[in-house]
Amino acid sequence: MENMINLKKIKAVIFDFDDTLAIHKNRDYKKERNESEEALLNYYLNAYLNPTSFYETIEPCYISQSLLELVNILRKNNVKMYCVSGMKLSFHLKAKEFFVHKYYGKDIEVISSGKQELKLDAAKIISKLNNCNLDEILFIDDMEDNISNLSKIGVNAILPDDVATLIKNN
């Protein structure tokens, strides 16, 4: 599907955060933070208290070079960009926002959704905010269920692994 997406027709893009814009070096980060109540509380506490260093030192992440390249293309095309991250709690929202703004740019608005299913509603709201149709939105997420659900409502939805092909085909 990614080879059918014309970037010139995209008016808004929605990126996921975890393992999309921010690729976790520790692949078991979710499992480890949920090992105990104390680990979970400390995870959120550390993120809240250390937003400028959380995703560099406490929960280290790196950026996606292909997504950074895509962001630069979208920026040149004046596409409105959002990061919508599904979160149980928003104690780490500022840490996510700091990471996105530092590595991808301050023109990406960071928003939280209470759960993954609400990303459908986020796409509908973003289409209204940008006065565009759902098929003029590009959605990039590492969760295949999200890709499938957004595709069903007409959004151009792809996995991060498909971004390099998308760029090459445009």
Which pair of heavy atoms, one from [X] and one from [Y], lies closest together, and at what distance?
| X | Y | value |
| --- | --- | --- |
| Leu70 | Ile167 | N-CD1, 3.8 Å |
| Val163 | Ser66 | CG1-O, 3.6 Å |
| Val84 | Ala122 | CG1-CB, 4.1 Å |
| Gln116 | Gly86 | NE2-CA, 3.6 Å |
| Ile126 | Ala12 | CG2-CB, 3.9 Å |
| Phe54 | Ala95 | CB-CB, 3.9 Å |

A side-chain contact here means heavy atoms from C-beta on lying under 4.5 Å apart; do [X] and [Y] qualify?
| X | Y | answer |
| --- | --- | --- |
| Asn130 | Tyr82 | yes |
| Leu45 | Phe91 | no |
| Asn77 | Ile10 | no |
| Phe139 | Asn146 | yes |
| Ser85 | Val110 | no |
| Pro160 | Asp19 | no |
| Asp18 | Lys96 | yes |
| Thr165 | Ile158 | no |

Treating [X] as the side-chain partner and [Y] as the backbone partner, does any N or O pair qualify as donor plus acceptor under 3.5 Å?
| X | Y | answer |
| --- | --- | --- |
| Asn72 | Leu68 | yes |
| Asp135 | Asn156 | no |
| His101 | Ile108 | yes |
| Ser127 | Leu134 | no |
| Asn6 | Lys8 | yes |
| Tyr104 | Val71 | no |
| Ser148 | Asp145 | no |
| Asn170 | Leu7 | yes |

Let me confirm one number: the [atom1]-[atom2] distance from [X] to [Y], rounded to the nearest 0.5 Å.
| X | Y | atom1 | atom2 | answer |
| --- | --- | --- | --- | --- |
| Leu129 | Lys11 | CG | NZ | 14.0 Å |
| Glu56 | Asn50 | CD | CG | 11.5 Å |
| Gln65 | Ile23 | CD | CD1 | 9.0 Å |
| Leu159 | Asp142 | CG | CG | 8.0 Å |
| Met81 | Leu138 | CE | CG | 11.5 Å |
| Glu97 | Ser90 | CD | OG | 11.5 Å |

Same cluster or not: are [X] and [Y] linked, directly or through other Ile, Leu, Val, Met, Phe, Trp or Tyr residues, by side-chain heavy atoms under 4.5 angstrom apart?
| X | Y | result |
| --- | --- | --- |
| Leu89 | Leu93 | yes |
| Phe17 | Ile58 | yes |
| Leu67 | Ile73 | yes |
| Tyr44 | Leu49 | yes |
| Ile153 | Ile125 | yes |

Please assess Asp162 against Leu166 for the test side chain to side chain contact (heavy atoms under 4.5 Å, CB included), listing each intermediate value before the final yes or no. CA-CA 6 Å; Asp162 297 328; Leu166 173 66; 5.9 Å; no

Working for side chain to side chain contact (heavy atoms under 4.5 Å, CB included), residues Lys119 and Asp141: CA-CA 10 Å; Lys119 289 183 178 182; Asp141 195 315; 2.8 Å; yes

Answer yes or no: are there more than 12 heavy-atom neighbours, outside Lys94 itself, under 6.0 Å from its atom NZ? no

Count the heavy atoms of every other residue, nucleotide or ligand shown that sit under 6.0 Å from CZ of Phe98, and state whether that count exceeds 12. yes

Please work out which of the three classes, parallel, tilted or perpendicular, describes the rings of His92 and Tyr43, given edges at 30° and 60°. perpendicular

Just checking Tyr103 against Phe99, ring centres under 6.0 Å apart? yes

